[in-house]
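Count residues from 1 along the sequence. Not measured: the values here are computed from a predicted model.
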Amino acid sequence: MPAKAVTSTTVDLGDGYKARIDCPHNTKTGKWHGHVYKKGKQVGAENVDGTKHDGKTFKNIPKKKVSKLKSSKKWKEAKGKNDKLEKERSKSSFSNYIKWLNKHLVLLSI
């Protein structure tokens with residue numbers, strides 16, 4: 001994970017809307033996600049994979065603003081980082097499973 005100082009970035013969506021894109025809060029299960037604000041008040045949040053973040057979505061945000069955010073370079077970079085993180089987690093889980101299996105597997109000869 002990169003240093004915390006560089007794990008948050010902003011995107012100006014226009015008309016008083018701004019977005020902040022953050023790294024995962026939890027390194028084991030968290031996801032890259034965005035928060036959208038209108039005039040400083042949060043109006044939505046969503047993970048880069050489209051799932052809810054903090055129980056919120058982007059459903060109440062104008063579609064043009066959401067489209068502008070999701071087509072931004074910064075959102076695409078966060079999505080790429082999230083995809084890479086998920087891939088690494090799945091590798092780790094699979095390799096841990098194989099290690100466990102090797103320790104616990106008993107072959108019976110009949």
Please tabulate, for side-chain N and O atoms in residues 47-58, each donor-acceptor pair with protein atoms closer than 3.5 Å (sequence neighbours left out).
| from | atom 1 | to | atom 2 | distance (Å) |
| --- | --- | --- | --- | --- |
| Asn47 | OD1 | His53 | ND1 | 3.3 |
| Asn47 | ND2 | Thr51 | OG1 | 2.9 |
| Asn47 | ND2 | Lys52 | O | 2.7 |
| Asp49 | OD1 | Thr51 | N | 3.1 |
| Asp49 | OD1 | Thr51 | OG1 | 2.6 |
| Asp49 | OD2 | Lys31 | NZ | 2.7 |
| His53 | NE2 | His33 | NE2 | 3.2 |
| Thr57 | OG1 | Lys59 | N | 3.2 |

Hey, could you give me the [atom1]/[atom2] distance between [X] and [Y], rounded to the nearest 0.5 Å?
X: Thr29; Y: Glu86; atom1: OG1; atom2: CD; answer: 9.5 Å
X: Thr9; Y: Trp32; atom1: OG1; atom2: CH2; answer: 9.0 Å
X: Lys81; Y: Lys84; atom1: NZ; atom2: NZ; answer: 9.5 Å
X: Arg20; Y: Thr10; atom1: CZ; atom2: OG1; answer: 10.0 Å

Qualifying side-chain hydrogen bond (donor to acceptor under 3.5 Å, both in side chains) pairs, either residue in residues 64-73, two or more places apart: Asp15-Lys65, Glu46-Lys70
Heavy-atom pair with the smallest gap, counting every atom of Pro24 and Gly30: CB-C, 3.4 Å
Considering all heavy atoms, the nearest Lys28-Asn26 contact: N-OD1, 2.7 Å
4.5 Å side-chain heavy-atom contact, Val11 and Ile21: yes
Flag side-chain contact, heavy atom, 4.5 Å: Tyr17 against Leu69: no
Co-membership, hydrophobic cluster, residues Trp75 and Val43, 4.5 Å side-chain: yes
Sidechain N-carboxylate O distance under 4.0 Å for Glu77, Lys74: no
